[in-house]
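What follows is one structure encoded as structure tokens, with my remarks underneath.
What you are looking at is a predicted structure, and each value in this text was computed from that prediction instead of being measured.
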Amino acid sequence: MKKFSLIAVLLFSFFWSCSIEDDNEPEFFLEVLPIDSVEIPQEFNYGETYDLLLTYTRPTFCHTFNNFAETVSGHERTIAVVNTVYTNLNCAEFSETVTVNYELSITGTQTYKFKFYQGKDSEGHDMYYTVEVPVVQ
């Protein structure tokens, strides 16, 4: 009987300690950050691909580049930088400039219009740096 009780307690402990959830998984959310500066050509050549360099400020070690938030309407693009922000890590605040590459293929002959997100004004309205770049053939 003692053997059975010991086995039952061990089995119960084993199953109780197993969990499908992993408490060590990172917790995070996505945050859109303002773009500080953009390196963009004065003109595009039709059919070519360009690397636009977007620079933003990474506010903590918990912020890592995730992707771009992009809205495309014809030859108009609204672009913002999206970071993953990990919440279950001990992150020090600091200010680091990060430059990321936005690849663009020129598929039309019309002028491209870009609106790069630059944060919010004092009234909470979105601000954009707007650039128009003509396409030459």
Side-chain angles (χ1 to χ4, degrees):
M1 185 69 165
K2 287 182 183 181
K3 238 183 187 181
F4 176 74
S5 296
L6 181 61
I7 291 173
V9 168
L10 288 174
L11 284 174
F12 179 75
S13 297
F14 174 75
F15 287 118
W16 184 261
S17 67
C18 292
S19 173
I20 295 175
E21 298 176 22
D22 185 2
D23 294 335
N24 294 327
E25 282 190 36
E27 297 173 17
F28 64 91
F29 62 92
L30 300 178
E31 182 178 352
V32 176
L33 295 176
I35 296 170
D36 298 330
S37 65
V38 179
E39 288 185 35
I40 188 167
Q42 298 272 340
E43 63 185 21
F44 294 132
N45 290 315
Y46 174 75
E48 291 189 20
T49 300
Y50 293 87
D51 292 327
L52 309 184
L53 300 178
L54 312 181
T55 301
Y56 70 97
T57 301
R58 180 179 161 203
T60 71
F61 285 112
C62 287
H63 287 74
T64 60
F65 177 74
N66 180 289
N67 208 342
F68 297 103
E70 177 181 34
T71 304
V72 178
S73 177
H75 284 81
E76 182 174 314
R77 286 174 163 65
T78 303
I79 302 168
V81 170
V82 179
N83 270 211
T84 301
V85 183
Y86 294 96
T87 59
N88 62 338
L89 302 175
N90 185 13
C91 297
E93 288 188 27
F94 75 107
S95 185
E96 177 186 42
T97 302
V98 177
T99 301
V100 291
N101 180 47
Y102 175 85
E103 188 174 286
L104 175 69
S105 295
I106 305 304
T107 59
T109 57
Q110 294 177 318
T111 297
Y112 279 73
K113 182 178 181 180
F114 298 92
K115 293 169 59 178
F116 298 101
Y117 178 72
Q118 292 201 299
K120 296 190 179 284
D121 64 15
S122 60
E123 297 177 2
H125 299 114
D126 291 339
M127 299 183 307
Y128 297 94
Y129 169 62
T130 304
V131 179
E132 291 189 16
V133 181
V135 176
V136 296
Q137 295 183 9

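In terms of heavy-atom proximity, Thr111 sits nearest to His75 at O-CB, 3.6 Å. Of all heavy-atom pairs spanning Pro59 and Leu33, the tightest one is CD-CD1, 4.0 Å. Summarising the geometry of Tyr50 relative to Asn45, their closest heavy-atom pair is OH-N, 2.7 Å, with the distance given to 0.1 Å.
One distance of note links NE2 of His63 with OH of Tyr86; it measures 11.5 Å at 0.5 Å rounding. Put simply, CZ on Phe116 and CG on Leu52 are 5.5 Å apart, with the number rounded to the nearest 0.5 Å. Distance OH/Tyr102 to CG/Leu54: 8.5 Å, rounded to 0.5 Å. Rounding to the nearest 0.5 angstrom, the gap separating the OG1 atom in Thr130 from the NZ atom in Lys113 is 6.0 Å. Atom OG1 in Thr78 sits 10.0 Å away from atom CG in Asp126 (nearest 0.5 Å). Rounding to the nearest 0.5 Å gives a distance of 9.5 Å between OG1 of Thr84 and CZ of Phe65.
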Item to check | Stepwise side-chain contact (heavy atoms from CB on, under 4.5 Å) check, Asn83 with Asn66 | outcome: CA-CA 5 Å; Asn83 270 211; Asn66 180 289; 5.7 Å; no
Item to check | Verdict with reasoning, Leu104 to Arg77, per side-chain contact (heavy atoms from CB on, under 4.5 Å) | outcome: CA-CA 11 Å; Leu104 175 69; Arg77 286 174 163 65; 3.6 Å; yes
Next on the checklist: Applying side-chain contact (heavy atoms from CB on, under 4.5 Å) to Val38 and Val131, what does each step give before you reach the verdict?
Outcome noted: CA-CA 10 Å; Val38 179; Val131 179; over 6 Å; no
Next on the checklist: Between Leu89 and Phe61, does the side-chain contact (heavy atoms from CB on, under 4.5 Å) criterion hold? Intermediate values first, please.
Outcome noted: CA-CA 9 Å; Leu89 302 175; Phe61 285 112; over 6 Å; no
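The neighbour count for Asn90 CG, taken as heavy atoms of other residues, nucleotides or ligands under 6.0 Å away, does not exceed 12.
Note on Tyr128: it does not cluster hydrophobically with Ile35, by side-chain heavy-atom contacts below 4.5 Å among ILVMFWY residues.
Under the 3.5 Å distance criterion, the side-chain polar atoms of Asn88 are matched with a main-chain donor or acceptor of Glu27.
Side-chain atoms of Asp36 and Thr55 include no donor-acceptor pair closer than 3.5 Å.
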